[in-house]
2 protein chains.
Amino acid sequence: MARAASTVEAGDSAERILQILSESARLFATNGYDGTSMRDIAEACGISKSLLYHHFTDKDEIFARIALGSTRELYQFVFDRLPEGATPTERLRAFMVATGEYFQRYRWAWLASTSAFWSDPEQRRQKERMMWRDRYEGLVRTLIQQAIDAGEFRPLDVPLAGRLVLSALNWMHRWYKPDKGMPAPQIADAYFDMIFRGLRAE
Amino acid sequence: MARAASTVEAGDSAERILQILSESARLFATNGYDGTSMRDIAEACGISKSLLYHHFTDKDEIFARIALGSTRELYQFVFDRLPEGATPTERLRAFMVATGEYFQRYRWAWLASTSAFWSDPEQRRQKERMMWRDRYEGLVRTLIQQAIDAGEFRPLDVPLAGRLVLSALNWMHRWYKPDKGMPAPQIADAYFDMIFRGLRAE
DNA sequence: GCAAGTATTGACCGATCGGTCAGCGGCCGC
DNA sequence: GCGGCCGCTGACCGATCGGTCAATACTTGC
């Protein structure tokens, strides 16, 4: 029975599932949700289209797994990298740099998630995903508020300042080329410097 | 005669084309390029699908007209609103506010243009569009460089600073709701204030 | 060796897509 | 009055889509 061999079976199955998710993320990131067919995914994996439906119920589930996974992991990845004893300012810098690092490392999943903004699957299920997204975005607002309370930041429209920070990070995918220019964490750090100190001469 | 969604009874071809472009922009903005079918556009206009092909060669041409038009107009709109005698700093502020104003006024076309980033038509033709986009982006870099030369800005990585400014403006479409909150030009102005002066306490 | 379960496949389905085409009807110049 | 033109239509096409299903290969417990 499958009891004793469950590890092996789960291992085989899990590897295949990981492969499907990985290839799907790459394709979604490159061609968008609607621009990627189940046939494309199957071909990229070197398997039949039917096998996709053996491991996933439908196309939406593949995408949802990628989007939810990357959104949850982004939050945890960034949260784990906030230095505990540091000032809010330094923690905000760490927030931005960690986001850049995550973006660089899991770029396909990031791109896939953000690419489907205009397609249906975004609004449909995705409730749990939005919860993690809200936590992530809440984090930056909390840090900004703490920086204000600590006197490190001047009084600000906190939601708008948060949006400025997130805009810089979230827009990176539209122009960032991994082969050339600065690595993403360094870009994030430079962004922090400009936003924190401002552009004007001192 | 059949009643249309919009009131266009006269057989004027130019008006009909404008109607098609307007409805298409709204649909592309809402559902994306792939998520909008020619049948959808025809239905929204209250006309037959065949008539679309009477006025346009294919779906791509409709989109290209919208995207090129809005990109060119954005540049001209913003360029015309840069105060001539002002300092580079004030001109950069005007650049951002004008972009917010354009975004607010021609939101559907803006959204349609940016939504198709992940679909094919973006890369296909669109050469002329990219020229205007490059001019627009070059403008912000020029203003930043002039501000540095005038001693108003500290020495900066100019392309990156330009990207920061453009990120704030370009990401607005992902969260901006026209019904509530600040109007877009005011948001752009607040962004400028934060980027120029920085977040830190003085 | 056998039964059971799982991974995997190709053939197939209805729906929808972008796009085509022959033709209809009203208006305008002659 | 009439012939050509233009805005306009519905019927239709091949391709592709997401998804289904019955059947096959392989593994594994007994």
Side-chain angles (χ1 to χ4, degrees), chain A residues 1-21 23-24 27-28 31-66 112 116 118-122 124-125, chain B residues 1-21 23-24 27-28 31-66 112 116 118-122 124-125:
Chain A
M1 274 297 201
R3 176 169 42 88
S6 65
T7 315
V8 178
E9 280 181 13
D12 282 352
S13 176
E15 266 185 46
R16 175 113 293 168
I17 286 175
L18 241 60
Q19 181 203 16
I20 293 172
L21 289 175
E23 294 291 337
S24 298
L27 288 170
F28 285 146
N31 308 113
Y33 181 81
D34 291 318
T36 303
S37 72
M38 293 297 269
R39 286 166 178 83
D40 291 337
I41 298 175
E43 193 182 354
C45 295
I47 60 180
S48 75
K49 185 164 64 79
S50 309
L51 188 52
L52 296 177
Y53 290 95
H54 180 69
H55 290 297
F56 299 89
T57 68
D58 55 17
K59 188 181 176 183
D60 255 26
E61 198 203 344
I62 299 181
F63 175 80
R65 282 276 295 270
I66 295 170
W118 312 91
S119 304
D120 281 350
E122 180 81 6
R124 278 212 276 264
R125 329 177 184 195
Chain B
M1 235 189 184
R3 292 298 308 179
S6 311
T7 51
V8 176
E9 287 278 340
D12 194 356
S13 167
E15 268 187 42
R16 174 112 296 166
I17 287 176
L18 241 61
Q19 181 203 18
I20 293 172
L21 289 175
E23 293 291 337
S24 298
L27 289 170
F28 285 146
N31 309 113
Y33 181 81
D34 291 319
T36 302
S37 72
M38 293 297 267
R39 286 166 179 83
D40 293 336
I41 297 174
E43 193 182 354
C45 296
I47 60 179
S48 75
K49 184 164 66 77
S50 308
L51 188 52
L52 296 177
Y53 289 95
H54 180 69
H55 290 297
F56 299 90
T57 67
D58 55 17
K59 189 181 175 184
D60 255 26
E61 197 203 344
I62 298 181
F63 174 80
R65 282 276 292 272
I66 295 170
W118 311 91
S119 304
D120 281 350
E122 180 83 6
R124 278 212 276 262
R125 332 178 183 190

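By convention in this document, chain letters (A, B, ...) are assigned in the order of the sequence lines, proteins followed by strands, and residues within each chain are numbered from 1. This is a predicted model, so every value here is computed, not measured.
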Closest heavy-atom pair, Phe63(A) versus Ala116(A), reported as atoms and distance to 0.1 Å, is CZ-CB, 3.1 Å
Provide a list of protein-nucleic acid N or O atom pairs under 3.5 angstrom, restricted to nucleotides 13-23 of chain C.
residue: dG18(C); atom: OP1; partner: Thr36(B); partner atom: O; Å: 3.4
residue: dG18(C); atom: OP1; partner: Lys59(B); partner atom: NZ; Å: 2.6
residue: dG18(C); atom: OP2; partner: Met38(B); partner atom: N; Å: 2.9
residue: dG18(C); atom: N7; partner: Arg39(B); partner atom: NH1; Å: 3.0
residue: dG18(C); atom: O6; partner: Arg39(B); partner atom: NH2; Å: 3.0
residue: dG19(C); atom: OP2; partner: Tyr53(B); partner atom: OH; Å: 3.2
residue: dG19(C); atom: OP2; partner: Lys59(B); partner atom: N; Å: 2.9
residue: dG19(C); atom: N7; partner: Lys49(B); partner atom: NZ; Å: 2.6
residue: dG19(C); atom: O6; partner: Lys49(B); partner atom: NZ; Å: 2.1

task: Please check the phosphate of dT8(C) (OP1 and OP2 only) for any side-chain N or O of Arg16(A) closer than 4.0 Å.
output: yes
Pairwise N/O distances under 3.5 Å, protein to nucleotides 24-28 of chain C:
none

For Asp34(B) and Gly35(A) the tightest heavy-atom approach is OD2-N, 4.1 Å
side-chain contact (heavy atoms from CB on, under 4.5 Å) filter on Phe56(B), not counting sequence neighbours, yields Ile17(B), Ile20(B), Leu21(B), Glu61(B), Ile62(B), Arg65(B)
Would you indicate, yes or no, if dC8(D) has its OP1 or OP2 atom less than 4.0 angstrom from a side-chain nitrogen or oxygen of His54(B)? no
Report task. Taking the side chain as every heavy atom from C-beta outward, state whether Asp60(B) and Tyr33(B) have any atom pair closer than 4.5 Å. Result -> yes
In whole angstroms, the gap separating P of dG7(D) from CD of Gln19(B) amounts to 14 Å
Rounded to the nearest 0.5 Å, the NZ atom of Lys59(A) sits from the OG atom of Ser37(A) at a distance of 7.0 Å
From CD1 of Ile47(B) across to P of dT9(D) the rounded distance in Å is 7 Å
Here the pair of heavy atoms bringing Gln19(A) nearest to Cys45(A) is NE2-O, 3.1 Å
Quick one: do Leu52(B) and Ile41(B) satisfy side-chain contact (heavy atoms from CB on, under 4.5 Å)? Show the steps, please.
-> CA-CA 8 Å; Leu52(B) 296 177; Ile41(B) 297 174; 3.9 Å; yes
To the nearest 0.5 Å, atom OG1 of Thr36(B) lies from atom CG of Leu27(B) at 5.0 Å
Between CD1 of Ile17(B) and P of dC8(D) the distance, given in whole Å, is 10 Å
Leu51(A) CG to dT24(D) P, in whole Å, measures 18 Å
